[in-house]
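Computation of the quantities below employed the complete heavy-atom set of this structure, encompassing side-chain atoms and omitting hydrogens, waters and symmetry-equivalent molecules. When a residue number appears, it is its place in the shown sequence, counting from 1. Computed from a predicted structure; not experimentally measured.
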Amino acid sequence: MPRVTFDFFQIQTVENPPRSFQETLDDLAQHEEKSFLIDGINYLMIDALHLRGYSGYLFTKIRMNDLPQKTRSNGERTPLILDNDEGLGEDIAFAYNPILNIVALQRNRYSLSANTLVRIINSFAPELELRFLPILRNDALQRFIDCDVLKKLRLKLSGTNDFSFLRNSNLSASEKIAFQELL
C-alpha cells in the first residue's frame, strides 16, 4: 500500500485582502498562464476540483535535472532521453477547507514544498501576502486514534523558541505550561 503524508497549515493573509485565498486559487485555475518559474524551476497548476465543501488542487514540479535511468527487466540501463522542454512531472495535491481556513498539503520528496507553493501563489497574487502556519490541534491525535482505516501514524514536531502563539490560545494556564515544556 503506498504511503501518503500530509502536512496541515492554517492560512494567514493580510486583513481584508481584495480577494480571498479561495478566490485566488479559483482565479489561478481559470487563468491562461498557470506556469511559474521559481529559482529556475518550472512549476505548473494542473487541475482544480470542488467537492463536498472542500477544494482540491494539483500542482506539479517539472524535474529536468537528476533524472533516473531507464532500466530493462534484464538490468540493462540507459539514460532517460527527453526533449529540452520536457521533464518528469512531480505532483503535489492539496485540499483546502474554507470554513476552517486550513490546507492539507501532500508531501512528496521530489515535488514542491509548502514554502514554494506560498511563493507561487504570492507571485500570482502579491496583494494576498500569504503565509502557511503549521498547526497541531489538541484533538487531532484522538481523531486519528478513532479512525477505523488508519493503520499507522508517525508524528514529528519541530521545536520552537517562540511560544507567543500560546498567549491567544484557549488552553488553560497549566495546559500552556505543559505544551511549552513538550515543545
Side-chain angles (χ1 to χ4, degrees), residues 1-13 17-98 101-135 149-158:
M1 177 180 290
R3 182 176 161 196
V4 179
T5 304
F6 286 90
D7 295 322
F8 295 88
F9 300 91
Q10 181 181 24
I11 305 301
Q12 184 181 52
T13 62
R19 59 183 166 182
S20 69
F21 179 64
Q22 177 78 58
E23 291 168 330
T24 301
L25 290 171
D26 290 340
D27 289 350
L28 177 56
Q30 299 301 316
H31 200 264
E32 253 184 68
E33 181 57 42
K34 298 178 190 178
S35 180
F36 299 88
L37 192 63
I38 306 284
D39 296 333
I41 299 172
N42 198 9
Y43 299 94
L44 185 65
M45 181 185 223
I46 301 293
D47 201 5
L49 77 104
H50 303 286
L51 184 65
R52 297 183 183 167
Y54 294 90
S55 298
Y57 301 91
L58 179 65
F59 281 79
T60 193
K61 169 186 172 186
I62 303 173
R63 183 162 57 119
M64 301 174 115
N65 299 340
D66 302 321
L67 299 178
Q69 298 270 329
K70 284 193 311 188
T71 306
R72 295 188 180 277
S73 60
N74 65 5
E76 180 187 330
R77 301 180 76 165
T78 57
L80 185 60
I81 306 297
L82 300 174
D83 290 341
N84 289 340
D85 64 341
E86 292 180 323
L88 298 180
E90 304 289 355
D91 294 340
I92 186 168
F94 72 93
Y96 173 60
N97 182 317
N101 202 28
I102 291 176
V103 164
L105 180 67
Q106 177 189 1
R107 189 181 320 153
N108 177 338
R109 84 175 186 187
Y110 291 114
S111 192
L112 59 147
S113 66
N115 185 46
T116 302
L117 183 58
V118 167
R119 290 178 63 193
I120 290 169
I121 296 168
N122 277 338
S123 71
F124 179 73
E127 71 281 357
L128 201 57
E129 294 183 34
L130 176 68
R131 290 195 312 156
F132 283 7
L133 304 176
I135 62 167
V149 178
L150 189 66
K151 302 277 186 205
K152 184 176 177 182
L153 173 68
R154 191 172 100 215
L155 180 66
K156 287 184 179 180
L157 296 175
S158 176

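- Residues L128 and F21 form a side-chain contact, since some pair of their non-hydrogen atoms from C-beta on lies under 4.5 Å apart.
- The shortest side-chain heavy-atom distance between M64 and E86 does not fall under the 4.5 Å cut-off.
- Contact annotation: the side chain of T24 approaches that of F124 to within less than 4.5 Å [non-hydrogen atoms, C-beta and beyond].
- The OG1 atom of T60 lies 7.0 Å from the CG atom of L44; values are rounded to the nearest 0.5 Å.
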Show your reasoning for whether salt bridge (charged side-chain N to carboxylate O under 4.0 Å, His left out) applies to E76 and K70.
CA-CA 8 Å; E76 180 187 330; K70 284 193 311 188; over 6 Å; no

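- In this structure, L105 and Y96 have side chains that are not in contact, with every pair of non-hydrogen atoms separated by 4.5 Å or more.
- Judged purely by distance below 3.5 Å, without hydrogens or angles, the side chains of R131 and Q12 pair a donor atom with an acceptor atom.
- Between F59 and L117 the shortest side-chain heavy-atom distance falls below 4.5 Å.
- Residue N74 qualifies as enclosed at atom CG: its count of foreign heavy atoms under 6.0 Å is above 12.
- Enclosure of atom CZ in F6 by more than 12 non-hydrogen atoms of other residues, nucleotides or ligands within 6.0 angstrom is indicated.
- Ring geometry for H50 against Y57 counts as perpendicular: the plane angle is over 60°, on a 0 to 90° scale with 30° as the lower cut.
- Counting only heavy atoms from C-beta outward, the side chains of D7 and P134 never approach each other to under 4.5 Å.
- Checked against side-chain contact (heavy atoms from CB on, under 4.5 Å), E90 has the following partners two or more places apart in sequence or in another chain: K61, R63, L88, N108, Y110, S111.
- In this structure, I62 and I41 have side chains that are not in contact, with every pair of non-hydrogen atoms separated by 4.5 Å or more.
- Partners of F36 under the ring-ring contact (aromatic ring centres under 6.0 Å, His included) rule, at least two apart in sequence or in another chain, do not exist in this structure.
- In this structure, the side chain of Q22 does not engage the main chain of P98 through any donor-acceptor pair within 3.5 Å.
- Side-chain atoms of E23 come within 3.5 Å of backbone N or O of S20 as a donor-acceptor pair.
- You'll find the side chain of V103 reaches within 4.5 Å of the side chain of I11, heavy atoms only.
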